[in-house]
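Only one structure is covered here, and it is reproduced in the block below.
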Amino acid sequence: MKVKRSERLIDITQYLMSRPRTLIPLTFFAARYESAKSSISEDLAIVKRTFAARGTGILQTVPGAAGGVRYIPAVTREFAETFLQNAAQRLAEKERLLPGGYVYLSDLLGQPTILNDIGRLIATQYVRKPVDVVMTVATKGIPIAQATASYLNIPFVIVRRDSKVTEGSTVSVNYVSGSSNRIEKMELSKRSLREGAKVLVVDDFMKGGGTVNGMRTLINEFDAELVGIAVFAEAIFSGKPMVSNYSSLLRVDDVNTQEQTIVANPGNYLDNTTFLDELAQPVATHS
């Protein structure tokens, strides 16, 4: 039974957006809706224009018998600027200040809409770069890793600081905490990461960079490749940071426990990203 164009457009859009970076043959859609490939091509042209106009992402067409179409998530600079300004304002709320000068983030990272936007922002940075897996450390980095991995349509792995029987054999490393200068331990299941995998590290908060540096050491132990580091927020660190090449969405510039104030601003994300409205070159994808 043939499907009306309006229904096809809705279903095509939903199907593509739920399978980002995955090549879908035109023959699949033609069979799904019992329609000619020429009609499907017209439908996809409408979807492509709408995605571009609304800042939804890129609809990439691959020609040839083995070709098809794929959805590449990306955001516009305007979207990113608005999100980061709003998030910085929320991060600066004085109610977030905890004893010891810590900043409360759990409510922000517990909201699906915010996590969804964080995942899109980070995924936009890797439009042109191949990534095989997202890595984070338990526990607060997990929702960020999941959101990012869903837009890149790749697995995510969780590094832990304590052994879990359900993880099987593990690889462990010792690392120096950047903020406390203490020796800590982290480990990852041997089954989690293959040799040569291209790894994107994400985390919720970074100060001295010790935890991120520990994950970098773990990646080397697996003979994998670190392709990027992205954190939701960073704090100004008085010492020498252990990592330098990273992207931060937000930056905590000052925490004053006496006056109960937090100064927060967008991080270096805007300077490290090529946005949807600026993209001109082919994008990196997987089949």
Side-chain angles (χ1 to χ4, degrees), residues 18-22 73 102 105-106 109-110 112 115-116 118-119 122-123 125-126 129-234 237 240-248 284-287:
S18 64
R19 295 163 178 80
R21 299 166 68 95
T22 301
Y102 293 97
L105 297 176
S106 296
L109 299 181
L115 281 172
N116 184 65
I118 292 172
I122 296 176
Q125 293 188 305
Y126 294 88
K129 300 176 183 179
V131 185
D132 297 317
V133 62
V134 177
M135 173 184 286
T136 195
V137 65
T139 57
K140 291 183 180 179
I142 294 175
I144 297 175
Q146 184 175 16
T148 303
S150 67
Y151 275 104
L152 295 173
N153 201 15
I154 56 176
F156 71 95
V157 298
I158 304 170
V159 175
R160 301 187 183 278
R161 293 187 174 89
D162 55 348
S163 299
K164 299 289 184 182
V165 176
T166 53
E167 294 294 295
S169 299
T170 62
V171 174
S172 64
V173 298
N174 293 326
Y175 69 98
V176 180
S177 170
S179 55
S180 65
N181 208 34
R182 293 199 305 263
I183 300 296
E184 306 282 356
K185 177 184 176 182
M186 61 171 58
E187 57 187 48
L188 181 66
S189 170
K190 288 183 177 180
R191 304 186 186 195
S192 295
L193 201 59
R194 62 173 175 80
E195 181 179 339
K198 299 181 185 301
V199 185
L200 166 61
V201 167
V202 304
D203 207 359
D204 65 318
F205 196 82
M206 186 177 76
K207 192 171 185 182
T211 300
V212 171
N213 192 48
M215 286 190 277
R216 180 166 58 185
T217 302
L218 257 182
I219 291 169
N220 291 336
E221 289 293 321
F222 279 85
D223 290 324
E225 178 186 352
L226 175 65
V227 297
I229 299 167
V231 298
F232 175 63
E234 65 169 319
F237 185 58
K240 183 178 180 180
M242 295 186 178
V243 294
S244 57
N245 190 15
Y246 64 90
S247 174
S248 63
T285 58
H286 65 274
S287 299

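Every residue two or more places apart in sequence or in another chain that forms a side chain to side chain contact (heavy atoms under 4.5 Å, CB included) with Ser172 is listed here: Lys185, Glu187. Contacts of Glu167 classified as salt bridge (charged side-chain N to carboxylate O under 4.0 Å, His left out), with partners at least two apart in sequence or in another chain: none. Not a single side-chain hydrogen bond (donor to acceptor under 3.5 Å, both in side chains) links Arg191 to another residue, sequence neighbours left out. A search for side chain to side chain contact (heavy atoms under 4.5 Å, CB included) contacts involving Glu221 returns Val171, Val173, not counting sequence neighbours. Applying the side-chain hydrogen bond (donor to acceptor under 3.5 Å, both in side chains) rule to Gln125 yields the partners Ser247, Thr273; only residues at least two apart in sequence or on another chain are considered. Remark: Arg216 pairs with Asn213 by the side-chain hydrogen bond (donor to acceptor under 3.5 Å, both in side chains) rule, at least two apart or across chains.
In this structure, the side chains of Met242 and Val176 come closer than 4.5 Å at one or more pairs of heavy atoms. Here the side chains of Leu200 and Leu152 are in contact, with some heavy-atom distance below 4.5 Å. No side-chain heavy atom of Ile144 sits less than 4.5 Å from a side-chain heavy atom of Asp203. Residues Ser248 and Met206 are not in side-chain contact: their nearest non-hydrogen atoms beyond the backbone lie 4.5 Å or more apart. The side-chain heavy atoms of Phe156 and Ile142, taken from C-beta on, include a pair separated by under 4.5 Å. Here the side chains of Met186 and Met215 are in contact, with some heavy-atom distance below 4.5 Å. In this structure the side chain of Val202 never reaches within 4.5 angstrom of the side chain of Phe232, judged on heavy atoms.
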Item to check | Working for side chain to side chain contact (heavy atoms under 4.5 Å, CB included), residues Thr136 and Val159 | outcome: CA-CA 6 Å; Thr136 195; Val159 175; over 6 Å; no
Next on the checklist: If you apply the rule side chain to side chain contact (heavy atoms under 4.5 Å, CB included), what do you find for Ile122 with Tyr151, and how did you get there?
Outcome noted: CA-CA 9 Å; Ile122 296 176; Tyr151 275 104; over 6 Å; no
Next on the checklist: Using side chain to side chain contact (heavy atoms under 4.5 Å, CB included), reason through Ile219 and Val201 one step at a time and then give a plain yes or no.
Outcome noted: CA-CA 10 Å; Ile219 291 169; Val201 167; 3.7 Å; yes
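Of the residues listed (Val199, Asn153, Thr148, Ile154), the one engaging Val131 in a side chain to side chain contact (heavy atoms under 4.5 Å, CB included) is Ile154, and it is the only one.
Between the OG1 atom of Thr211 and the OH atom of Tyr175 there is a distance of 4.0 Å, given to the nearest 0.5 Å. To the nearest 0.5 Å, atoms CG (Leu109) and CD1 (Ile118) are separated by 5.5 Å. Interatomic distance, Leu105 CG to Asp204 CG, rounded to the nearest 0.5 Å: 6.0 Å.
Leu193 and Ala197 get closest at one heavy-atom pair: CD1-CB, 4.1 Å.
In terms of modelled atom types and a separation under 3.5 Å, the side chain of Arg161 and the main chain of Glu184 share no donor-acceptor contact. For the pair Asp132 (side chain) and Lys198 (backbone), a donor-acceptor distance under 3.5 Å is present. For Ser150 (side chain) and Ala147 (main-chain N/O), a donor-acceptor pair under 3.5 Å exists by modelled atom type. Looking only at distances, no side-chain donor or acceptor of Ser192 sits under 3.5 Å from a matching main-chain atom of Leu188.
The number of heavy atoms from other shown groups lying within 6.0 Å of CG (Asn245) does not exceed 12. Within 6.0 Å of CD in Glu225 there are more than 12 heavy atoms belonging to other residues, nucleotides or ligands.
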